[in-house]
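Note sheet for the following structure.
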Amino acid sequence: MKFTEHRDSNILSVKKYQPGLVKINETDVHGSCFLNQHELVTDWSCRTLDELSEDLLQEVFSLRPEVIILGTGERQTFPAPKLFAFCTQNGIGLEVMDNAAACRTYNVLTTEDREVALALIMEPAAD
């Protein structure tokens with residue numbers, strides 16, 4: 001799935017998404033990652049939704065988002081309710097969707113100059 005060009009080339013946006021690959025500006029990322037308009041972390045250690053924890057969310061909080069768009073892989077799967085509560089207690093919204101929808105939503109919200117973070121869980125390929 002290809003995405004349209006973002007207006008400001010200094011802003012990090014998703015240029016392409018397909019299973020196992022997300023292209024952020026000119027960077028190809030093959031594993032779990034998170035980003036906002038200005039910072040990309042390509043070595044997020046959350047490999048599956050079951051691994052998602054308060055500590056891993058806290059890493060995304062370092063970007064100071066109003067809302068986190070969480071991509072849970074090729075299908076939308078919801079994390080434990082305690083993780084929604086953890087985000088709410090920290091004044092951060094958590095929206096959950098499949099990775100492709102998460103990428104599209106992130107791009108739209110950045111064009112509105114929203115303080116949004118995109119966190120993508122890219123599960124390792126099965127052997």
Side-chain angles (χ1 to χ4, degrees):
M1 171 178 313
K2 200 149 174 96
F3 292 86
T4 58
E5 191 69 28
H6 200 289
R7 294 178 209 142
D8 183 347
S9 62
N10 294 319
I11 298 297
L12 294 174
S13 62
V14 178
K15 304 299 182 184
K16 178 180 181 181
Y17 175 78
Q18 65 188 49
L21 168 72
V22 62
K23 184 174 188 119
I24 309 296
N25 289 14
E26 299 305 316
T27 303
D28 289 345
V29 181
H30 297 277
S32 297
C33 63
F34 63 90
L35 65 141
N36 68 4
Q37 294 184 46
H38 306 288
E39 187 175 346
L40 170 63
V41 176
T42 60
D43 59 351
W44 194 35
S45 62
C46 187
R47 303 291 177 245
T48 67
L49 185 61
D50 289 339
E51 292 178 5
L52 187 62
S53 65
E54 291 178 358
D55 288 340
L56 289 170
L57 283 170
Q58 193 72 47
E59 292 177 28
V60 183
F61 290 0
S62 70
L63 299 179
R64 301 163 67 126
E66 296 171 6
V67 64
I68 297 170
I69 307 299
L70 176 65
T72 58
E74 297 316 298
R75 290 213 232 131
Q76 178 187 39
T77 310
F78 291 94
K82 71 177 186 172
L83 297 176
F84 283 95
F86 179 68
C87 289
T88 300
Q89 290 164 358
N90 284 277
I92 298 171
L94 179 63
E95 298 294 332
V96 179
M97 48 198 77
D98 66 67
N99 283 355
C103 290
R104 291 189 304 271
T105 302
Y106 167 80
N107 279 352
V108 168
L109 293 177
T110 61
T111 63
E112 297 173 356
D113 205 29
R114 298 275 306 275
E115 294 299 326
V116 60
L118 172 64
L120 295 175
I121 298 173
M122 306 273 279
E123 294 193 18
D127 294 330

Exercise. For a side-chain contact (heavy atoms from CB on, under 4.5 Å) with L70, tell me which candidate from L120, L94, L118, L57 qualifies.
Key: L94
Self-check item: Heavy-atom side-chain proximity of N25 to K15 below 4.5 angstrom
Solution: yes
Self-check item: Any V22 side-chain heavy atom under 4.5 Å of H30 side chain
Solution: no
Quiz item: Looking only at atom types and distance, does a side-chain atom of Y106 sit under 3.5 Å from a main-chain N or O of I68, one as donor and one as acceptor?
Solution: no
Quiz item: Is D113 close to Q37 at the side-chain level, that is, under 4.5 Å between some pair of heavy atoms?
Solution: yes
Quiz item: Ignoring hydrogens and geometry, is there a side-chain-to-backbone donor-acceptor pair from N90 to I92 under 3.5 Å?
Solution: no
Quiz prompt | Over all atoms of both residues, closest heavy-atom pair of E51 and L56 | solution = O-CD1, 3.3 Å
Quiz prompt | Distance in Å, E95 CD paired with Q76 CD, rounded so as to fall on 0.5 Å steps | solution = 9.5 Å
Quiz item: At what distance, to the nearest 0.5 angstrom, does CD of Q58 lie from SG of C87?
Solution: 9.5 Å
Self-check item: From Y17 atom OH to D98 atom CG, the distance as rounded to the nearest 0.5 Å
Solution: 7.5 Å
Quiz item: For the side chain of N36 and the backbone of H38, is there at least one donor-acceptor N/O pair under 3.5 Å apart?
Solution: yes
Quiz item: Do the side chain of N99 and the main chain of I121 share a donor and acceptor less than 3.5 angstrom apart?
Solution: yes
Quiz item: Roughly how far, to the nearest 0.5 Å, is CG of L109 from OG of S13?
Solution: 13.0 Å
Practice problem: Mind checking the OG-CD spacing from S45 to E59? Nearest 0.5 Å is all I need. | Solution: 5.5 Å
Quiz item: D43 versus V41: any side-chain heavy-atom pair under 4.5 Å?
Solution: yes
Quiz item: Hey, is the main chain of A102 close enough, under 3.5 Å, to the side chain of T105 for a donor-acceptor pair?
Solution: no
Quiz item: Would you say R114's side chain and T111's backbone share a donor-acceptor pair under 3.5 angstrom?
Solution: no
Quiz item: Could you go step by step and tell me if V29 and L21 meet the side chain to side chain contact (heavy atoms under 4.5 Å, CB included) rule?
Solution: CA-CA 6 Å; V29 181; L21 168 72; 6.0 Å; no
Quiz item: Is the backbone of T77 close enough, under 3.5 Å, to the side chain of T72 for a donor and an acceptor to pair up by distance?
Solution: yes
Exercise. Just say parallel, tilted or perpendicular for the rings of F86 and F61, cut-offs at 30° and 60°.
Key: parallel
Exercise. Identify the two heavy atoms, one from L52 and one from P79, that lie closest to each other, and give their separation to 0.1 Å.
Key: CD2-CB, 4.0 Å
Quiz item: Got a second to check how far E115's CD is from T110's OG1, nearest 0.5 Å?
Solution: 11.0 Å
Quiz item: Just by distance, do the side chain of S32 and the backbone of M122 share a donor-acceptor pair under 3.5 Å?
Solution: yes
Quiz prompt | K23/D28 salt bridge by N-O under 4.0 Å criterion | solution = yes
